[in-house]
Amino acid sequence: MLDHLIRRATVVDGTGGPAYPADVGIRDGRIAVVAEPGAVTEEAVTSEDADGLVLAPGFVDPHTHYDAQLFWDPYATPSMNHGVTTVAGGNCGFTLAPLHPDRPEDADYTRRMMSRVEGMALAALEEGVDWTWSSFREYLDALEGRIAVNAGFMVGHCALRRHVMGPDAIGGQPTPAQMDAMLTLFHDAMDAGAWGLSTTQSATHSDGDGEPVASRHARPEELLALSRAVGEHEGTQLEAIVAGCLDRFSDEEIDLLVDMTAVAGRPLNWNVLTIDAAVPDRVPRQLVPSERARAAGGRIVALTMPILTPMNMSLGTFCALNLLPGWGEILALPVPERVERLRDPATRAEMLRRADSEEAGVFRRLADFGRYVIGDTYSAANEGLSGRVVNDIAAERGQEPFACLVEICAADDLRTVLWPMPTDNDPASWELRQRTWEHEDVLLGGSDAGAHLDRMCGAPYTTRFLGDCLRGRKLVPLPTAVKMLTDDPARLFGLRERGRIEEGFHADLVLFDPERIDAGPATLVHDLPGDSPRLDSRAVGIVSVRVNGVETLHDDKVTGAVPGTVLRSGRDTRTVSTA
């Protein structure tokens with residue numbers, strides 16, 4: 001007997017092939033039968049009529065930071081609401097394990113680091129996670145049996161360094177004995193099911209003390225030793241962030257990435273490829289590592305987002321504006337001093353000059369402050385400004401746009417929410433995206449879901465992209481779009497029997513209405529532990545989500561079931577050839 005039968009669905013199976021009508025039966029968490037409508041005679045415990053609806057494999061998000069959130073939110077919201085059934089965590093060199101059992105202060109350091117570098121609310125990290133593990137195996141075991149999505153995790157380089165070197169991980173180099181200990185710790189983690197190594201060399205990544213995070217101090221020989229260890233385990237990967245990920249790679253960065261994938265014999269992915277027709281040389285430069293890796297026996301994959309991610313800014317909290325050259329030191333001042341500096345015309349002129357300079361890289365697109373939209377405001381002086389464009393307000397007041405923006409924010413003690421209008425929403429940029437997506441080493445993803453919670457909302461990229469493909473720009477047909485969200489990431493990670501609707505595969509499924517599929521606007525909600533805020537976006541048109549055959553979401557409501565699996569390398573992933 002079948003556990004469940006979905007009748008008369010329009011199946012888009014993840015292979016990229018044409019959609020077709022079918023009945024799909026589920027038994028013991030797997031797809032037991034895919035047949036023509038009406039051809040299934042076996043009885044089912046439950047069934048549903050999916051006439052007019054699309055049945056697709058569950059979406060796979062290749063870059064998330066749900067490492068902490070899954071402890072207080074096993075449903076990985078809002079990703080699961082938007083059809084995501086499998087998430088890859090532990091990215092960018094940051095994980096919550098391993099933790100040294102004899103140094104309880106390391107947990108506090110990790111919480112403060114994650115709060116600063118990944119925008120996770122400190123109160124949520126303190127109140128929503130029990131921090132009872134030491135080893136990476138214990139961390140994975142703590143999640144097993146209590147999550148609604150499937151989740152796999154890389155090992156963060158920063159945690160490895162901190163565990164072995166303690167505070168010396170910041171600024172220090174490992175002794176030969178410490179390097180051996182780091183490798184032993186890393187092998188233990190992969191034996192437990194870790195997916196491989198994640199690391200960062202990015203200048204934007206600083207810890208809770210404002211110091212460069214631990215992995216930024218690693219020399220190439222350390223990174224290559226860890227990469228070589230990755231290649232000794234089945235079903236493993238590399239993920240790396242360097243400064244050039246944000247704009248253009250240097251020659252040295254390309255050499256490093258190519259050497260890492262080559263010595264590991266494993267795919268390496270990086271995040272995120274920004275595509276903008278106004279910077280035509282960026283995409284070719286960013287794909288040079290992929291070309292060189294192929295020649296060296298490795299593979300390097302660039303993640304890129306198929307939507308313009310909703311993102312808010314603020315002069316009062318840490319955000320992308322802090323990463324503009326020279327801005328960080330001003331925006332780190334106490335609020336009264338910050339306002340005083342921001343009101344100084346000479347200071348503003350220098351800030352604007354540097355924000356619009358080549359050294360700002362990809363963040364340069366944040367420098368057109370007249371195109372910002374005012375979001376939430378908190379003072380009587382700003383009443384009626386929400387939703388208005390700064391250029392219009394500045395013209396009414398006879399002010400320069402940035403000076404106008406500063407005065408609006410100052411009236412709110414810098415709490416004002418700011419929404420920059422994207423500069424790369426032109427037809428030429430979308431045409432360039434369409435061409436770039438066709439590259440064999442470009443993969444959709446990079447949501448950062450679970451991180452930067454109060455500043456950006458990338459999790460809904462799946463439904464927004466599908467809506468755009470069906471009713472918007474229609475850059476790719478639906479079967480191709482579904483493949484890009486399912487089978488492509490599943491194949492990169494070597495996921496066993498996931499990513500397609502095929503008999504014998506795990507029944508990770510999403511049922512949606514093609515006439516309505518979309519994502520709602522990003523809104524600020526306070527539903528994290530400690531009443532901390534995050535941006536959320538409602539899914540539109542998602543009828544049902546199933547993980548391992550069990551319904552976890554119905555009409556945008558979680559069911560309470562937690563059938564997700566902690567996906568462990570080797571057991572749940574196979575080695576992906578780089579040849």
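Since the model is a prediction, treat every value here as computed from it, not as a measurement.
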Query raised in the report: Would you say the side chain of C469 lies within less than 4.5 Å of the side chain of F465, judging by non-hydrogen atoms?
Result: yes
Query raised in the report: Is E105 atom CD crowded by more than 12 heavy atoms from other residues, nucleotides or ligands, each under 6.0 Å away?
Result: yes
Requested in this report: In sequence, state the C-alpha distance, the side-chain angles, and the governing distance for D108 and R112, and then conclude on salt bridge (charged side-chain N to carboxylate O under 4.0 Å, His left out).
Outcome: CA-CA 6 Å; D108 178 65; R112 291 187 297 108; 3.2 Å; yes
Query raised in the report: R491 side chain to L495 main-chain N or O, any donor-acceptor pair under 3.5 Å?
Result: yes
Query raised in the report: Is it true that R137 and D141 have a side-chain N and a carboxylate O under 4.0 angstrom from each other?
Result: no
Report task. Assess the side chains of N382 and R388: does a donor N or O sit below 3.5 Å from an acceptor N or O? Result -> no
Report task. Count the heavy atoms of every other residue, nucleotide or ligand shown that sit under 6.0 Å from CD of Q434, and state whether that count exceeds 12. Result -> yes
Requested in this report: Look only at the side chain of R534 and the backbone of V525, and say whether a donor-acceptor pair between them is shorter than 3.5 Å.
Outcome: no
Requested in this report: Among T486, D508, T86, find the residue that satisfies the side-chain hydrogen bond (donor to acceptor under 3.5 Å, both in side chains) test when tested with R498.
Outcome: D508
**Report entry** Shortest non-hydrogen contact from R348 toward R343
**Finding:** NH1-O, 3.0 Å
Report task. Answer yes or no: is there a donor N or O on one side and an acceptor on the other, between the side chain of S134 and the main chain of L99, under 3.5 Å? Result -> yes
Query raised in the report: Can you tell me how far CZ of F153 sits from CG of L140, rounded to the nearest 0.5 angstrom?
Result: 7.0 Å
Query raised in the report: Can any side-chain N or O of H205 pair as donor or acceptor with the backbone N or O of V117 at less than 3.5 Å?
Result: no
**Report entry** Heavy-atom donor-acceptor pair, T552 side chain to A561 backbone, under 3.5 Å
**Finding:** no
Query - Heavy-atom pair of closest approach, residues A97 and A159 - result: O-CB, 3.5 Å
Query raised in the report: Any side-chain heavy-atom pair from L160 and L197 closer than 4.5 angstrom?
Result: yes
Report task. With rounding to the nearest 0.5 Å, note down the distance linking CZ in R162 to CG in D207. Result -> 8.5 Å
**Report entry** Side chain R338, main chain L331, donor-acceptor under 3.5 Å
**Finding:** yes
Query raised in the report: W419 and F369: aromatic ring centres closer than 6.0 Å?
Result: no
Report task. Find out whether C409 and L418 are in side-chain contact, i.e. whether some heavy atom of one side chain is under 4.5 Å from a heavy atom of the other. Result -> yes
Query raised in the report: Going by atom types alone, do S79 and Y66 pair a side-chain donor with an acceptor below 3.5 Å?
Result: yes
Query raised in the report: Taking the side chain as C-beta and beyond, is there a heavy-atom pair between T565 and N548 under 4.5 Å?
Result: yes
Query raised in the report: Do side-chain atoms of E239 reach the backbone of C92 as a donor and acceptor pair under 3.5 angstrom?
Result: yes
Report task. Indicate the atoms forming the closest heavy-atom contact of I542 with G83, along with that distance. Result -> CD1-N, 4.4 Å
Requested in this report: Would you kindly check if the NZ (Lys) or CZ (Arg) of R568 is within the cone defined by 45 degrees around the ring axis of W195 and under 6.0 Å from the six-membered ring centre?
Outcome: no
Report summary line: T274 and R282 have their tightest heavy-atom pair at O-CD, 3.1 Å
Query raised in the report: In this structure, which one of V390, T416, L342 forms a side-chain contact (heavy atoms from CB on, under 4.5 Å) with L405?
Result: V390
Query raised in the report: Is the side chain of T317 donor-acceptor paired with the backbone N or O of S314 at a distance under 3.5 Å, no angle test?
Result: no
Query raised in the report: Can you tell me how far the NE2 atom of H65 sits from the OG1 atom of T95, to the nearest 0.5 Å?
Result: 11.0 Å
Query raised in the report: Among D276, D356, D424, whose salt bridge (charged side-chain N to carboxylate O under 4.0 Å, His left out) with R364 holds?
Result: D356
Requested in this report: Take F402 and W327 through the ring pair (Phe, Tyr, Trp, His ring centres under 6.0 Å) test and state the conclusion after the steps.
Outcome: CA-CA 14 Å; F402 186 45; W327 284 54; 5.5 Å; yes
Query raised in the report: Taking the inter-plane angle between the rings of H100 and H163 on a 0 to 90° scale, is it parallel (under 30°), tilted (30 to 60°) or perpendicular (over 60°)?
Result: tilted
Query raised in the report: Do other residues, nucleotides or ligands put more than 12 heavy atoms under 6.0 Å from R116 CZ?
Result: yes
Query raised in the report: Would you say the side chains of S544 and E551 form a donor-acceptor pair under 3.5 Å?
Result: yes
**Report entry** Residue pair E138 / T132, side-chain heavy-atom distance below 4.5 Å
**Finding:** no
Query raised in the report: If you measure from OG1 on T85 to CZ on R546, what distance do you get to the nearest 0.5 Å?
Result: 13.0 Å
Query raised in the report: What's the shortest heavy-atom distance between A519 and P460, and which atoms?
Result: CB-CB, 3.6 Å
Query raised in the report: Just checking, any donor-acceptor pair under 3.5 angstrom between side chains of T200 and S202?
Result: no
Query raised in the report: Do T199 and H157 have a side chain donor and acceptor closer than 3.5 Å?
Result: yes
Query - Atom of P98, atom of V155 and distance for their closest heavy-atom approach - result: CD-CG1, 4.4 Å
Query - Value rounded to 0.5 Å, distance of CZ in R433 from OG1 in T304 - result: 7.5 Å
Report summary line: Separation between CD (E407) and CG (D412), nearest 0.5 Å, reads 11.5 Å
Query - D73 side chain to T77 side chain, donor-acceptor N/O pair below 3.5 angstrom - result: yes
Query raised in the report: Which of these, N81, V510, D556, sits in a side-chain contact (heavy atoms from CB on, under 4.5 Å) with V545?
Result: V510
Query raised in the report: Would you say the side chain of V540 lies within less than 4.5 Å of the side chain of I517, judging by non-hydrogen atoms?
Result: no
Report task. Determine, step by step, whether Q286 and W270 satisfy the side chain to side chain contact (heavy atoms under 4.5 Å, CB included) criterion, reporting the C-alpha distance in whole Å, the side-chain angles of both residues, the deciding distance to 0.1 Å, and the verdict. Result -> CA-CA 10 Å; Q286 297 304 75; W270 63 272; 3.8 Å; yes
Query raised in the report: L70 and V149: side chain to side chain contact (heavy atoms under 4.5 Å, CB included), yes or no, with the steps?
Result: CA-CA 9 Å; L70 285 172; V149 295; 4.2 Å; yes
Query raised in the report: Taking side chain as C-beta onward, heavy atoms only, is V54 less than 4.5 Å from V482?
Result: no
Report task. Return yes if some donor-acceptor pair links the side-chain N/O of D448 with the main-chain N/O of T64 below 3.5 Å, else return no. Result -> no
Query - Sidechain-backbone polar pair: Q237 side chain, G196 backbone, donor-acceptor under 3.5 Å - result: no
Query raised in the report: Does a side chain donor of either T463 or H82 reach within less than 3.5 Å of an acceptor in the other side chain?
Result: yes
Query raised in the report: Do N91 and N271 meet the criterion of a side-chain donor-acceptor pair at a distance under 3.5 Å?
Result: no
Query raised in the report: Got V543 and F512 here, is their nearest side-chain heavy-atom distance under 4.5 Å?
Result: no
Query - From CA spacing to verdict: side chain to side chain contact (heavy atoms under 4.5 Å, CB included), D67, E118 - result: CA-CA 11 Å; D67 308 56; E118 292 296 347; over 6 Å; no
